[in-house]
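The sequence lines fix the lettering, A, B, ..., with proteins before strands; numbering per chain opens at 1.
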Amino acid sequence: MPELPEVETTRRLLAPAVEGRTMLEVEVRHPRTARRHLNPNDVVDRLTGRLVLRLDRLGKFILGELDSDLTWVVHLGMSGRFDIARPGEAEEKHTHFVARTDAGAEVRFIDPRTFGFVAVFTPAELASELRLGRDALVDLPRSPQLHARLSGRKAPIKSLLLDQRLVAGLGNIYADEVLFRAGVRPTRLGAEVSPAEVAKLRRAIGPILKAGIAAGGTSLSTFGYRSPEGRTGEYRGRLHAYGREGEPCHRCGTPIERIVIGGRSSFYCPECQT
DNA sequence: CCTCCATCCTGTGGGC
DNA sequence: TGCCCACAGGATGGAG
């Protein structure tokens, strides 16, 4: 569910509740939420009593720098979100992780599908567990470098954009939007994308992600993404490709088509994207 | 290393 | 109204 803009929206709203705060009474309520650890108790043991110095983001991962050598790591998966509440306030279903801070707030992680996780990693674990390319928003490689990484690749460009080792942060919605803006068809093989097209793709990424963040992310339904304030994102109304099968292309009027690539729905304009 | 595919879950919405 | 099915914003590990 959440891609870079939703994760960044979450990070920005969560930061004031945790930065400079000490984590007390940490609870992991669902074993799957701590599954990145051999021993799920590691999350509680390593986080309890720790001060969160800073909340960062790399791709779709939220990274909390602690006052130990460890890093608090959260991935929202498909359905994860945070809620900042007061102790005793009614709890949402599927609350799988709770940490009370020294400010008296309760940071709650809610994740119905349990594809998300919470971890606390050593530097070595961080390096081995998170195999990520550079961040799509703040650290995007130059296009010659991207072109070099695509050369020889036989996979469709859509799948490559989703590969977090190439560039970290794009997901199914924003990858389709980037391809639309660049005029590149999602089925094109990586090796067949010209340097000029790679440059167009690269130039599309920043503005789209920034617009997504400015809109507070994309919520596909009222049950989709919600920020820590409980708000849905407004970017859905600005989508040009994703979810618009049969609707007229905003640029040329041709109906948007839907195909499946690598098991993921992909939407594109058969006229504008070649 | 690369590519493809199944898998982990719960909830929703559409069709009948 | 209920039932069944397809589908959903992701990442990973194994097979070939």
Handout entry: Working for side-chain contact (heavy atoms from CB on, under 4.5 Å), residues A:Ile208 and A:Arg181
Key = CA-CA 9 Å; A:Ile208 288 171; A:Arg181 182 164 171 134; 3.7 Å; yes
May I ask you to evaluate whether [X] reaches the phosphate of [N], defined as a side-chain N or O under 4.0 Å from OP1 or OP2?
| X | N | result |
| --- | --- | --- |
| A:His94 | B:dT10 | no |
| A:Ser79 | B:dG11 | no |
| A:Arg36 | C:dA11 | no |
| A:Lys93 | B:dT10 | no |
| A:Arg113 | B:dG11 | no |
| A:Gln164 | C:dA11 | yes |

Between [N] ([atom2]) and [X] ([atom1]): distance, integer Å:
| X | N | atom1 | atom2 | value |
| --- | --- | --- | --- | --- |
| A:Ile110 | B:dT10 | CD1 | P | 17 Å |
| A:Leu170 | C:dG10 | CG | C1' | 13 Å |
| A:Ile62 | C:dG10 | CD1 | P | 14 Å |
| A:Leu161 | C:dA11 | CG | P | 14 Å |
| A:Arg264 | B:dA6 | CZ | C1' | 14 Å |
| A:Lys158 | B:dT3 | NZ | C1' | 16 Å |
| A:Leu166 | B:dC1 | CG | P | 15 Å |
| A:Tyr242 | C:dA8 | OH | P | 6 Å |

Exercise for the section: Report the base-pairing partner of B:dC9 (Watson-Crick or G-U wobble, both distances below 3.5 angstrom), or none. Expected result: none
Handout entry: Minimum heavy-atom distance A:Cys269-A:Thr254, with the two atoms named
Key = SG-CB, 4.2 Å
Practice task
Taking all non-hydrogen atoms of both residues into account, name the closest pair between A:Leu170 and A:Glu3 and its distance.
Solution key: C-OE1, 4.0 Å
Taking only the side-chain heavy atoms of [X] (C-beta and beyond), determine which of [options] contains the nearest atom.
| X | options | result |
| --- | --- | --- |
| A:Ala155 | C:dG10, C:dA8, B:dC4 | B:dC4 |
| A:Thr114 | B:dT3, C:dG10, B:dC9 | B:dC9 |
| A:Phe223 | B:dT3, C:dA11, B:dG13 | B:dG13 |
| A:Arg32 | B:dC9, C:dG10, B:dT3 | B:dC9 |
| A:Arg258 | B:dC4, C:dA8, B:dC9 | C:dA8 |

Exercise for the section: Tell me what A:Ser219 touches on the nucleic acid: a base, only sugar-phosphate, or nothing, going by heavy atoms under 4.0 Å. Expected result: base
Exercise for the section: Looking at every strand, decide which applies to A:Tyr174 at a 4.0 Å heavy-atom threshold: base, sugar-phosphate, or nothing. Expected result: nothing
Completion exercise
Of A:His30 and A:Ser221, the one whose nearest nucleotide on DNA chain B sits closer to the 5' end is A:His30
Handout entry: Residue met sooner reading DNA chain C from 5', once A:Ser265 and A:Leu130 are mapped to nucleotides
Key = A:Ser265
Practice task
Indicate if A:Leu53 and A:Val18 have the same hydrophobic cluster label, given that clusters are the connected sets of ILVMFWY residues with side-chain heavy-atom separations under 4.5 angstrom.
Solution key: no
Practice task
Answer yes if A:Val178 and A:Leu162 sit in the same cluster of Ile, Leu, Val, Met, Phe, Trp and Tyr residues linked by side chain heavy atoms under 4.5 Å apart, and no otherwise.
Solution key: no
Exercise for the section: Can you tell me, in whole Å, how much space there is between the P of B:dC9 and that of C:dC4? Expected result: 22 Å
Fill in the blank from the handout: Which of A:Val118, A:Asp45, A:Asp42 passes side chain to side chain contact (heavy atoms under 4.5 Å, CB included) with A:His37? It is A:Asp42
Exercise for the section: Check the geometry between A:Phe115 and C:dG10 and answer yes if their rings are stacked (centres below 5.5 Å, planes below 30°), otherwise no. Expected result: yes
